[in-house]
Number of protein chains: 2
Amino acid sequence: MKIIEHLKITPLFQGLTAEELDELAMILTDQEFKRGQTIFSEGDAGLGFYVVVSGLVKIYKLSLDGKEQILHIFEAGEPFAEAAVFAGVSFPAHALALKNSRVFFFPRTSFIEVIKNHPTLAMNMMAALSMRLKKFAHMIEALSLKEVPGRLASHILYLYDQQDDSDEVDLKIAKNHVASLLGTIPETLSRILTKMQKQELIRSSGSTIIILDHDGLEDLAAGERRL
Amino acid sequence: MKIIEHLKITPLFQGLTAEELDELAMILTDQEFKRGQTIFSEGDAGLGFYVVVSGLVKIYKLSLDGKEQILHIFEAGEPFAEAAVFAGVSFPAHALALKNSRVFFFPRTSFIEVIKNHPTLAMNMMAALSMRLKKFAHMIEALSLKEVPGRLASHILYLYDQQDDSDEVDLKIAKNHVASLLGTIPETLSRILTKMQKQELIRSSGSTIIILDHDGLEDLAAGERRL
DNA sequence: CGCTGCGTTGAGCTTCTTCAACGATCGTGG
DNA sequence: CCACGATCGTTGAAGAAGCTCAACGCAGCG
């Protein structure tokens, strides 16, 4: 698949003319990362941002004693590390490929030149940044106001909305990572999944969750019920 | 003080020409809120964004059982609720005036017209959104990877950096609110402040903290030490 | 076949919250 | 100016939630 084709289906670049897409294609670098490979580390100079073409990328923070908090998991079509470009700072987190991944890299200075002259792109970028902020606000709320069962229920329902149709939801990442995304540890996650099964809220096998009691999960997510 | 004067010293509007500032002045509404008054509530339609002219505004989330998590405290010159404008969604949190406050309100549609034609403003806005994201990422990291003493130490040092010069730091908001900002409750905060005093890390009287042991606080903030 | 990473379960412990009581402070109205 | 209520702040005792440590099963893969 050609570069332009990929750009065309990237939400961030919707509404751009063929010329604008060409301009972007001129400045980007096509990069490959193997599963487990680091894309950048916290503190690295933010010389540009990325768009995932294929694969899966996690953005995460580490504490001194090695505990990990995942901030994002990005799939094909999603940009990441854009904030570093505009804030003009170093990356505030680590990025690692969870699967073999292909990404486009847009160098900071060239991209700024492009975006200055293309209001549509700027509007798209502001919308993308705003959605990120909303997601983060939601995460802060979850971490501070909800207990782990609530966060998990909320996450399962979020996945359900994303992957519409059936009651069968795919976690898409290892339970390990789900724990880190929810701000807890694998042991706690495991225990809570077991409890949820005992209460007939879900059925879990491998990385597939079958939702048995929708309303029950909603109540948990809202904090109106406990396990 | 005239509206234009206020706009001129607002960081978000730095680098704009006099004509651009005039355009902005044309579309804004000048509003006053008394201490304790709600500016908007979670779920309200995001019809525009605000800039604090004077006073103090808190942005916060509430849980069902009434616990509060503060996302931001904004002072003069800072914009808030910009994300709702570009994401085109309802406000994801509540806003309330902590002191009698004056704010400028910029209606969504008019502002979008302006920003489309003024790249400098767009760049400033992207920078502002990016700084917000960075702050949120930091908050998520703190909530998930640090314990309360670490978060408090980190917050004190943050204030210290903001209010340069002396070792005397002003919390600027009630301890109540500090607790909510750090994702904990007043009781816990109080106990930890007491412990920090006993260990000669700080001296606390009212809303003023005197830093006695800088390195000790750094170590706490980094998680290399406990109380 | 054995290794490594993932997942589960149990026991004990730490941290934080909850509940309750009480003192201090501040602003307001009498 | 004082009295009052409201908000804020502190301290104690008990309980809950989640983390640590440890052991073990299981699967995938070289």
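Lettering follows sequence order; numbering is per chain, from 1. Hydrogens, waters and symmetry mates are skipped; everything else that's a heavy atom, side chains included, is used.
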Rounded to whole Å, how long is the line connecting atom [atom1] of [X] with atom [atom2] of [N]?
X: A:L182; N: D:dG18; atom1: CG; atom2: C1'; answer: 14 Å
X: A:K146; N: D:dA17; atom1: NZ; atom2: P; answer: 17 Å
X: B:I209; N: D:dG9; atom1: CD1; atom2: C1'; answer: 13 Å
X: B:E68; N: C:dT17; atom1: CD; atom2: P; answer: 14 Å

- prompt: Between A:I192 and B:P186, which has a closest nucleotide on DNA chain D that is more 5'?
  reply: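 Upstream on the strand: B:P186.
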
query: Of all the nucleotides listed (D:dC8, D:dG18, D:dT10), which has the minimum atom distance to the side chain of B:K175?
result: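 The listed nucleotide nearest to B:K175's side chain is D:dT10.
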
Pair [X] and [Y], ring centroids less than 6.0 Å apart:
X: A:Y160; Y: A:H214; result: yes
X: A:F49; Y: A:F111; result: yes
X: A:F13; Y: A:H6; result: no

task: Take nucleotides 24-30 of chain D nucleotide by nucleotide from the 5' end and write B, S or -, depending on whether a protein heavy atom sits under 4.0 Å from the base, only from the sugar-phosphate, or from neither.
output: -------

task: Encode nucleotides 22-29 of chain C as B, S and - characters from 5' to 3', where the letter depends on protein heavy atoms closer than 4.0 Å: B to the base, S only to sugar-phosphate, - to neither.
output: --------

Partner of B:K172 under side-chain hydrogen bond (donor to acceptor under 3.5 Å, both in side chains), chosen from B:H177, B:Q162, B:E75: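 Result for side-chain hydrogen bond (donor to acceptor under 3.5 Å, both in side chains) with B:K172: B:E75.
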
query: Between B:K67 and A:E141, is the closest basic N to carboxylate O distance under 4.0 Å?
result: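 Here A:E141 does not pair with B:K67 in a salt bridge, since their nearest N and O are not under 4.0 Å apart.
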
- prompt: Is any side-chain N of the basic residue among B:K61 and B:E42 closer than 4.0 Å to the acidic one's carboxylate O?
  reply: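 Judged by the 4.0 Å cut-off on N to carboxylate O distance, B:K61 and B:E42 do form a salt bridge.
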
query: Does atom NZ of A:K134 have more than 12 heavy-atom neighbours, drawn from other residues, nucleotides or ligands, at distances under 6.0 Å?
result: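 Open.
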
- request: Rounding to 10 degrees, work out the angle separating the end axes of the helix from C:dC1-D:dG30 to C:dG30-D:dC1 (five pairs an end).
  value: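 The end-segment axes of the helix from C:dC1-D:dG30 to C:dG30-D:dC1 are tilted 40° relative to each other.
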
- request: Dump the intermediate steps for salt bridge (charged side-chain N to carboxylate O under 4.0 Å, His left out) on A:K58 and A:E68, then the final yes or no.
  value: CA-CA 11 Å; A:K58 82 168 168 188; A:E68 170 190 283; 2.9 Å; yes

- request: Could you tell me whether a side-chain N or O of A:T194 sits under 3.5 Å from a main-chain N or O of A:S190, the two making a donor and an acceptor?
  value: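 Yes, because the side chain of A:T194 sits within donor-acceptor range (under 3.5 Å) of the backbone of A:S190.
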
N/O (side chain, B:T194) to phosphate O (OP1/OP2, D:dT11) under 4.0 Å: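 Answer yes for this pair, as a side-chain N or O of B:T194 is under 4.0 Å from OP1 or OP2.
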
task: Could I get the full list of salt bridge (charged side-chain N to carboxylate O under 4.0 Å, His left out) partners for B:R132, not counting sequence neighbours?
output: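 Scan of B:R132 (salt bridge (charged side-chain N to carboxylate O under 4.0 Å, His left out), adjacent residues dropped) gives B:E82.
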
I'd like a table of atom pairs between the protein and nucleotides 18-20 of chain C - only N or O on both sides, under 3.5 Å - with the distance next to each one.
from	atom 1	to	atom 2	distance (Å)
C:dT18	O4	B:R191	NH2	3.0
C:dC19	N4	B:E187	OE2	3.4

query: Name the one of B:F136, B:Y50, B:F80 that satisfies ring-ring contact (aromatic ring centres under 6.0 Å, His included) with B:H72?
result: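 Of the listed options, the one satisfying the test is B:F136.
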
- request: Apply side chain to side chain donor-acceptor pair (under 3.5 Å) to B:S41 and list each qualifying residue two or more places apart in sequence or on a separate chain.
  value: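 Side chain to side chain donor-acceptor pair (under 3.5 Å) check on B:S41 returns nothing, list empty.
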
Rounded distance [0.5 Å steps], CG in A:D215 versus CZ in A:R225: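 If we round to the nearest 0.5 Å, A:D215:CG and A:R225:CZ are 10.0 Å apart.
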
